[in-house]
Participant: 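Here's a structure for you.
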Amino acid sequence: MPMRGNRMEFQVGLTRVPFSLEHTLESGQVFRWVNQGEWWYGVVSGGVLKIRQEEETLRCASSAEVLDSGFVRSYFRLEQDLELVYASFPQDQTMTRAVQRFYGMRLVRQERWECLASFVLATNSNIPSIRRMVAKVSSAFGEALTFDGISFATFPRPERLATATIGELEACGLGYRASFLKKVAQAVDEERVDFSELTIADYTAAREILLRRFFGEKLLLGVGPKVADCVLLFSCEKNDAFPIDVWVARALARFYPAILNDGLLRRLASGRKVTLSKSEYESTSLSARNYFGGNAGYAQQYLFMLARAEATP
DNA sequence: TAGCAGGAAAATC
DNA sequence: GATTTTCCTGCT
């Protein structure tokens, strides 16, 4: 393994492993990867990882020994047989089209704390804003790194955000999310949320844990059904979680109207701004999980991509 | 300048 | 228990 200082360079073979780095990193699951020329740079596990895809090879460089080929395989979940996932989808026109268009897009195995914090910031926001918020929080509270002469910052540890003032967090452009982020950081720092428990439990049990109340108070302020589903899907390997944001709701209305109840379908079809009530979210999510099966989460990500691509031609 | 997009929580019915 | 309002930023 060639190493200079802490720098390490390596390759990951993709023979008979369907994978698209672009589609994966542009799919709205992750917010910290940046495209620089032919390379993608990301800060993961406290270091910088640089990747380029060359057909059946991932060319990689990293700033830390832990960021090796094993890490890359695990991070992009390359052990998951994507053809089996595709085969488990309903074999309809929409899914066929989505898979063709975004072939090789995978769900990433994100770090759980960063994923939770990112999706708390994601409420009532869009991808460019989320990226901006996460970047500012990282540069303000994370550890500075330099790689290839470019400055990066690690995502701050929970204890750092737990002790930050609301004012300091608001300065990162978080708005009312600042207090949610601080509360969530405190809960994680005080170990009131046990991430390993989330991994062991099945979807339903893990969701209960994330959304639970104690002493009449929420465990995690700022974590509702959608955020919980994102955390479970993107960092806890719950492939059957089906987060519904506005894009997925629109995709369902357009391609799978039978999954939605009539009232919701009418509102979505009207084109006006639509927010799902809690009960609408729960019933729609349940129907979708039943329809799309054990890999409903993968199906959801392809529908999300399709809905966004077709809205912005 | 106003108006809108984007989830969760709190207030209110 | 279900609906409505509030929270904030960024873009048009």
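Here is the naming used below: chain letters follow the sequence lines, and residue numbers restart at 1 for every chain. As a basis for the values below, the full set of heavy atoms in this structure was taken, side chains included, without hydrogen atoms, waters or symmetry mates.
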Participant: Tell me if a side-chain donor or acceptor on A:Arg109 pairs with a main-chain N or O of A:Ser74 at a distance below 3.5 Å.
Facilitator: yes
Participant: Among residues at least two apart in sequence or on other chains, which ones pass side-chain hydrogen bond (donor to acceptor under 3.5 Å, both in side chains) with A:Gln29?
Facilitator: A:Ser27
Participant: Under a 4.0 Å heavy-atom cut-off, which of residues 128-141 of chain A touch DNA chain C?
Facilitator: A:Arg132
Participant: Take nucleotides 8-13 of chain B nucleotide by nucleotide from the 5' end and write B, S or -, depending on whether a protein heavy atom sits under 4.0 Å from the base, only from the sugar-phosphate, or from neither.
Facilitator: SS----
Participant: Tell me, please, which residues at least two apart from A:Asp240 pass salt bridge (charged side-chain N to carboxylate O under 4.0 Å, His left out).
Facilitator: A:Arg289
Participant: At what angle, to 10 degrees, do the two end axes of the helix from B:dA2-C:dT12 to B:dC13-C:dG1 meet, given five pairs define each axis?
Facilitator: 40°
Participant: Give the rounded distance in Å between these two atoms: CG of A:Asn126 and P of C:dG10.
Facilitator: 10 Å
Participant: Measure from CG on A:Leu181 to C1' on C:dC7 and round the result to the nearest Å.
Facilitator: 15 Å
Participant: Starting at CG of A:Asn261 and ending at P of C:dA2, how long is that distance when rounded to a whole Å?
Facilitator: 12 Å
Participant: What is the separation between atom CG on A:Asp229 and atom P on B:dG7, rounded to the nearest whole Å?
Facilitator: 13 Å
Participant: Would you please name every residue forming a salt bridge (charged side-chain N to carboxylate O under 4.0 Å, His left out) with A:Glu55, sequence neighbours left out?
Facilitator: none
Participant: Could you state the atom-to-atom distance from CD of A:Glu280 to C1' of C:dG1 in whole Å?
Facilitator: 14 Å
Participant: Taking salt bridge (charged side-chain N to carboxylate O under 4.0 Å, His left out) as the definition, give me every residue that meets it alongside A:Arg160, ordered by chain and number, with sequence neighbours left out.
Facilitator: none
Participant: In this structure, how many angstroms lie between the P atom of C:dT4 and the CG atom of A:Leu276, rounded?
Facilitator: 15 Å
Participant: Can you name the salt bridge (charged side-chain N to carboxylate O under 4.0 Å, His left out) partners of A:Lys136, sequence neighbours left out?
Facilitator: none
Participant: On DNA chain C, compare the nucleotides closest to A:Lys278 and A:Gly173; which residue's is nearer the 5' end?
Facilitator: A:Lys278
Participant: Suppose we screen for side-chain hydrogen bond (donor to acceptor under 3.5 Å, both in side chains). Which residues come up paired with A:Glu56, at least two apart in sequence or across chains?
Facilitator: none
Participant: Any side-chain N or O of A:Arg250 less than 4.0 Å from the OP1 or OP2 oxygen of B:dG6?
Facilitator: yes
Participant: A:Ser138: what forms a side-chain hydrogen bond (donor to acceptor under 3.5 Å, both in side chains) with it, not counting sequence neighbours?
Facilitator: A:Arg32
Participant: Which residues pass the side-chain hydrogen bond (donor to acceptor under 3.5 Å, both in side chains) test with A:Ser196, not counting sequence neighbours?
Facilitator: A:Asp194
Participant: Only pairs under 3.5 Å count here: list side-chain donor-acceptor contacts from residues 180-191 of chain A, not counting sequence neighbours, and write none if there are none.
Facilitator:
unit_1   : atom_1 : unit_2   : atom_2 : d
A:Lys182 : NZ     : A:Ala162 : O      : 2.9
A:Lys182 : NZ     : A:Ala164 : O      : 2.8
A:Glu190 : OE1    : A:Arg192 : NH1    : 2.4

Participant: Would you call A:Arg7 and A:Glu9 a salt bridge, taking side-chain N to carboxylate O under 4.0 Å as the test?
Facilitator: yes
